[in-house]
Protein chains: 4
Amino acid sequence: MSKIVDKKKRRSEIAKAAVDIFARKGFENTTVQEIADRAKIAKGTVYLYFKTKEDILNEASKEILCELEGNLLHSLSRLTDPVEKLSALITEAMTITPEFEQIFIVYMESRLFHLRDREYGTFIKNFEESLRKVRRITVEIIRQGKTQGAFRNDADAEALAFCLFGAFDGVVMQYLHNKSGFDIENVRNEFLKNFFNGLMDN
Amino acid sequence: MSKIVDKKKRRSEIAKAAVDIFARKGFENTTVQEIADRAKIAKGTVYLYFKTKEDILNEASKEILCELEGNLLHSLSRLTDPVEKLSALITEAMTITPEFEQIFIVYMESRLFHLRDREYGTFIKNFEESLRKVRRITVEIIRQGKTQGAFRNDADAEALAFCLFGAFDGVVMQYLHNKSGFDIENVRNEFLKNFFNGLMDN
Amino acid sequence: MSKIVDKKKRRSEIAKAAVDIFARKGFENTTVQEIADRAKIAKGTVYLYFKTKEDILNEASKEILCELEGNLLHSLSRLTDPVEKLSALITEAMTITPEFEQIFIVYMESRLFHLRDREYGTFIKNFEESLRKVRRITVEIIRQGKTQGAFRNDADAEALAFCLFGAFDGVVMQYLHNKSGFDIENVRNEFLKNFFNGLMDN
Amino acid sequence: MSKIVDKKKRRSEIAKAAVDIFARKGFENTTVQEIADRAKIAKGTVYLYFKTKEDILNEASKEILCELEGNLLHSLSRLTDPVEKLSALITEAMTITPEFEQIFIVYMESRLFHLRDREYGTFIKNFEESLRKVRRITVEIIRQGKTQGAFRNDADAEALAFCLFGAFDGVVMQYLHNKSGFDIENVRNEFLKNFFNGLMDN
DNA sequence: GATGAATGAGCATTCATTCAT
DNA sequence: AATGAATGAATGCTCATTCAT
């Protein structure tokens with residue numbers, strides 16, 4: 001009888017270890033040895049669970065996206081009012097925990113990766129898929145708000161959702177660059193206020 | 001004097017060549033040989049103008065920032081009205097030319113670079129400096145708008161400028177990922193509209 | 001007793017599986033995993049029957065030599081006339097079946113192996129032993145022919161047997177390299193004719 | 001001005017160093033480091049002259065074949081009589097110097113290599129070409145001998161040349177396996193005698 | 001006995017950097 | 001100043017072998 005190992009769990013463990021290092025050193029500057037050390041296994045063992053180092057990044061990305069997606073969806077789960085929903089979404093996306101910080105950096109590197117190599121098969125497909133999914137949900141919320149008369153009627157839900165998600169990434173990145181200079185809660189509040197009410201004085 | 005100019009020009013040529021390749025393959029996957037080939041000089045010659053490969057990225061980043069900064073400032077130069085100025089800024093930041101695309105990817109990689117290695121001396125300082133500079137100008141515009149009564153009085157100019165610049169990067173990145181799915185002009189218009197008027201129906 | 005038989009049988013099965021792969025990929029490029037897969041057992045199981053991968057090659061070589069030897073001896077078994085015997089030997093040695101082809105390649109690799117590493121204990125000893133044995137039989141045939149007056153009296157039986165066996169290998173190798181260019185039956189007939197009658201016109 | 005290095009000469013030097021090691025340890029068991037050490041250059045330098053390790057084997061094979069071919073042709077150069085020519089050819093092919101021994105082992109490994117991987121492009125083509133060339137010369141000699149009435153008229157020149165070259169390899173291999181047991185000169189003489197006069201007593 | 005997960009030594013290859021010319 | 005040959009450290013990946021189950 002052979003040892004029973006939960007392949008999925010192991011993959012996930014290794015991917016998690018990898019995220020730790022990727023976040024600190026970047027994909028290219030991380031050695032498989034370092035990942036193995038972090039996961040407390042031998043280097044060769046990594047290759048029982050992953051075909052290549054890039055494969056590890058893929059898995060890590062997938063898990064990261066799942067988690068980010070899960071968090072966002074969770075924050076919406078018990079809400080019904082479109083305004084509240086959008087607020088929750090924005091609040092969730094701009095809440096930065098130390099763990100999230102790590103994940104975010106790897107997420108950004110993954111995106112850059114794709115930006116360069118557009119052929120990257122399944123990986124990028126999952127990625128795009130996931131992003132689209134969350135965006136679609138946002139589109140729905142905006143539409144719902146328009147229907148209910150809460151949101152202005154000329155809002156292009158698609159384009160706006162697109163902007164929103166872009167803004168999440170950009171603002172978070174900006175913030176990570178400049179932590180000391182800004183208070184994220186303040187930024188988030190300002191973002192919320194402006195997103196809903198605009199800059200113009202009425 | 002002429003020698004110094006030549007040296008600067010040469011550095012710039014090499015940096016430009018590097019941007020071409022960095023954009024396509026990323027910093028780590030670009031070899032000095034490739035950069036030299038592109039610049040039509042010998043590999044060894046690169047080292048007469050740059051101390052290390054990273055040094056080339058630094059120079060490239062600096063030039064990129066100068067250009068982006070220049071573009072933004074130029075778009076503001078002959079305007080006086082705060083609303084028009086902000087509109088111009090947003091429009092400029094969300095105009096995507098093929099050349100800009102390339103630059104943007106390297107810019108993003110540079111940012112990621114800094115996010116990881118916070119000690120990175122002069123490089124990161126120049127970088128932050130430049131970003132801060134443009135942000136300060138934006139802050140001024142918003143303040144001016146508040147003073148003139150065009151913008152709502154409770155707007156936190158600093159935080160809002162911060163959001164704005166984050167949003168630029170994020171939206172552009174999003175767009176580059178998803179070119180086929182979206183029309184950047186439409187997105188930009190929606191962004192403008194929402195930024196000034198907000199989502200709520202008044 | 002049955003355990004021992006089983007063990008032998010299993011060793012043989014594994015060795016046979018190994019020959020399949022060795023012939024196609026060479027010893028160094030064959031993995032133990034491939035051999036195990038082919039033999040439909042687990043990788044670890046291989047090591048219950050063989051101490052090392054080289055050990056598998058040894059066993060395979062031994063079996064191959066046994067088979068080759070057996071074939072040669074069998075072809076002689078019911079003959080008495082030296083000329084007929086030698087003819088049969090040559091014919092047998094130059095008959096190429098698909099299975100033989102595979103075996104031959106591994107046999108050649110084994111020989112090369114020995115050529116390089118002369119210390120290789122038992123393995124090489126078995127090998128040499130086997131070759132010597134068949135050569136001795138050939139020597140006997142030639143001597144018998146000389147005694148009977150069929151073969152020329154100045155023939156050096158030892159040297160000639162030596163040549164003969166060398167020629168077998170070389171011709172077969174040549175042929176495998178150049179299958180499409182030659183008809184092995186024709187080559188074999190010419191070999192026989194020349195071996196017995198020489199090239200000179202009498 | 002850059003250093004002037006004779007690329008061809010350097011390649012050849014490296015290939016020669018490689019033959020030394022290949023002969024002793026075989027292609028797979030030879031490391032590029034060992035080759036570099038032997039050639040007294042750095043490991044990386046090897047890759048300025050060869051694309052891969054296999055490329056080194058190719059070059060080595062090519063050089064070996066050139067040398068073997070050159071030797072054979074040289075031994076024929078000033079002879080005119082077919083019998084003398086064939087004798088010289090056989091004598092040359094069965095003369096074993098220490099240097100030749102090394103070369104021969106690598107030559108054999110190369111052949112085995114091809115036997116397994118028939119697609120191996122240019123390499124195998126050069127190889128076959130070279131072998132064919134020498135064989136064609138031999139065919140000519142035999143035909144000439146037939147025309148002059150020296151050789152029996154029913155000799156199939158093609159098939160016989162084929163056998164001859166196979167026999168060379170095989171006998172040499174046999175001999176290298178069994179140096180202590182045989183005197184190569186004696187074997188060669190016996191081979192010559194039997195090749196020309198046959199085994200039968202007339 | 002049988003399994004296959006785990007190991008880690010080992011190797012081909014790449015590439016930033018140096019330096020003799 | 002310019003070159004490009006030389007270097008060798010660094011790293012992804014493989015695979016024979018071991019051993020807990």
Side-chain angles (χ1 to χ4, degrees), chain A residues 1-7 10 27-37 39-56, chain B residues 3 6-7 10 27-37 39-56, chain C residues 3 6-7 10 27-37 39-56, chain D residues 1-7 10 27-37 39-56:
Chain A
M1 202 35 152
S2 68
K3 252 176 288 186
I4 292 171
V5 177
D6 188 335
K7 273 235 167 193
R10 195 70 133 173
F27 176 73
E28 303 287 352
N29 292 310
T30 297
T31 68
V32 175
Q33 182 66 69
E34 285 171 314
I35 297 172
D37 288 349
K40 297 187 192 221
I41 56 175
K43 186 167 38 159
T45 308
V46 171
Y47 285 90
L48 294 179
Y49 296 91
F50 294 94
K51 237 180 122 45
T52 63
K53 187 179 146 190
E54 226 169 85
D55 205 20
I56 306 176
Chain B
K3 288 266 174 84
D6 272 353
K7 189 124 187 168
R10 196 71 130 170
F27 175 73
E28 302 289 350
N29 291 312
T30 296
T31 67
V32 174
Q33 182 67 69
E34 286 170 313
I35 296 172
D37 288 349
K40 297 189 190 216
I41 56 176
K43 185 166 40 158
T45 309
V46 171
Y47 285 87
L48 295 179
Y49 296 92
F50 293 95
K51 226 177 134 43
T52 65
K53 186 179 149 190
E54 230 170 79
D55 204 20
I56 307 176
Chain C
K3 287 266 176 82
D6 273 353
K7 189 124 184 167
R10 195 71 130 170
F27 175 72
E28 302 289 350
N29 292 312
T30 296
T31 67
V32 173
Q33 183 67 68
E34 285 171 312
I35 297 171
D37 289 349
K40 296 186 191 216
I41 57 175
K43 184 165 45 157
T45 309
V46 171
Y47 285 86
L48 295 178
Y49 295 92
F50 294 93
K51 225 178 134 44
T52 65
K53 187 179 149 191
E54 229 168 80
D55 205 20
I56 306 176
Chain D
M1 199 42 150
S2 68
K3 252 177 288 185
I4 293 171
V5 178
D6 188 335
K7 272 234 166 193
R10 195 68 134 174
F27 175 73
E28 303 288 351
N29 290 312
T30 296
T31 68
V32 174
Q33 183 66 69
E34 285 171 314
I35 296 172
D37 288 349
K40 297 189 192 216
I41 56 176
K43 188 167 37 158
T45 308
V46 171
Y47 285 89
L48 294 180
Y49 297 91
F50 293 95
K51 238 180 121 47
T52 63
K53 188 178 145 190
E54 225 170 86
D55 205 20
I56 307 176

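FYI, side chains are in, hydrogens and waters are out, and symmetry mates aren't considered; it's all heavy atoms of this structure. Numbers restart at 1 for each chain; the letters A, B, ... are given by sequence-line order, proteins then strands.
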Participant: Could you state the interatomic distance from CZ (B/R10) to OG1 (B/T45), rounded to the nearest 0.5 Å?
Facilitator: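 Going from the CZ atom of B/R10 to the OG1 atom of B/T45 covers 7.0 Å.
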Participant: In whole angstrom, what separates A/E34's CD from F/dA10's P?
Facilitator: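 So the two atoms are 12 Å apart, to the nearest Å.
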Participant: Measuring from atom CD of B/Q33 to atom NZ of B/K43, what distance do you get when rounded to the nearest 0.5 angstrom?
Facilitator: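 The distance works out to 5.0 Å.
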Participant: If you check every side-chain atom of C/K53, which of E/dA6, F/dT17, E/dA9 has the closest atom?
Facilitator: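 For the C/K53 side chain, the nearest candidate turns out to be F/dT17.
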Participant: Over how many whole Å does the gap from B/F50 atom CZ to E/dT18 atom C1' extend?
Facilitator: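 To the nearest whole Å, that distance equals 18 Å.
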Participant: Drop me the distance from D/Y49's OH to D/I56's CD1, to the nearest 0.5 angstrom.
Facilitator: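 Going from OH on D/Y49 over to CD1 on D/I56, the span is 13.0 Å.
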Participant: When you match D/G44 and B/G44 each to their closest nucleotide on DNA chain E, which lands nearer the 5' end?
Facilitator: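 It is D/G44, whose closest nucleotide lies nearer the 5' terminus.
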Participant: Given atom CD1 of B/I56 and atom P of E/dA16, what is their separation to the nearest angstrom?
Facilitator: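 Checked: the CD1 to P distance equals 9 Å.
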Participant: Rounded to the nearest angstrom, tell me the gap between atom NZ in B/K40 and atom C1' in F/dA2.
Facilitator: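 For the pair B/K40 NZ and F/dA2 C1', the rounded distance is 17 Å.
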Participant: Heavy atoms from C-beta onward define the side chain here; which of F/dA16, E/dT3, F/dT7 lies closest to that of C/V32?
Facilitator: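 Nearest to the side chain of C/V32 among the choices is F/dA16.
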Participant: Starting from the 5' end of DNA chain E, give me the residue, C/V46 or B/E28, whose nearest nucleotide shows up first.
Facilitator: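 Nearer the 5' end of the strand: C/V46.
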Participant: Heavy atoms only, 4.0 Å cut-off, all strands: where does B/Y49 land among base, sugar-phosphate and nothing?
Facilitator: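 Counting heavy atoms under 4.0 Å across all strands, the contact made by B/Y49 is with sugar-phosphate only.
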Participant: Are OP1 or OP2 of E/dG1 and a side-chain N or O of C/R10 less than 4.0 angstrom apart?
Facilitator: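 For E/dG1, neither OP1 nor OP2 has a side-chain N or O of C/R10 closer than 4.0 Å.
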Participant: Whole angstroms only, please: what is the NZ-C1' distance between A/K51 and F/dC13?
Facilitator: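 Going from NZ in A/K51 over to C1' in F/dC13 covers 11 Å.
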Participant: Whole-Å distance between F/dG4 P and D/I41 CD1?
Facilitator: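 Atom-to-atom, D/I41 to F/dG4, this comes out as 20 Å.
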Participant: Can you tell me how far P of E/dT21 sits from NZ of B/K43, to the nearest Å?
Facilitator: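 Whole-Å distance recorded here is 18 Å.
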Participant: Which comes earlier along DNA chain F counting from the 5' end, the contact point of A/Y47 or that of C/Q33, where each point is its nearest nucleotide?
Facilitator: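 The residue closer to the strand's 5' end, by nearest nucleotide, is A/Y47.
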Participant: How long is the span from the CG atom in A/D55 to the NZ atom in A/K53, to the nearest 0.5 Å?
Facilitator: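 Going from the CG atom of A/D55 to the NZ atom of A/K53 covers 13.0 Å.
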Participant: Taking any strand in view, what nucleotide pairs with F/dG12 in a Watson-Crick or G-U wobble way, both distances under 3.5 Å?
Facilitator: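 When the pairing criteria are applied, E/dC11 turns out to be the nucleotide that pairs with F/dG12.
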Participant: Choose from F/dA1, F/dG8, E/dT13 the nucleotide whose nearest atom is closest to any side-chain atom of D/A42.
Facilitator: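 Looking only at side-chain atoms, D/A42 lies closest to F/dG8.
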Participant: I need the CG-C1' distance between B/L48 and E/dT18, as an integer number of Å.
Facilitator: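 Distance check: B/L48 CG to E/dT18 C1' gives 11 Å.
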Participant: Between OH of A/Y47 and NZ of A/K51, what distance do you get to the nearest 0.5 Å?
Facilitator: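 Answer for the OH-NZ pair, A/Y47 versus A/K51, is 11.0 Å.
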Participant: Ignoring backbone atoms, establish whether D/T31 has a side-chain N or O less than 4.0 Å from OP1 or OP2 of E/dC11.
Facilitator: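 Negative; the distance criterion is not met.
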Participant: So what's F/dT3 paired with, Watson-Crick or G-U wobble, going by both distances under 3.5 Å?
Facilitator: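 By the stated definition (distances under 3.5 Å), E/dA20 pairs with F/dT3.
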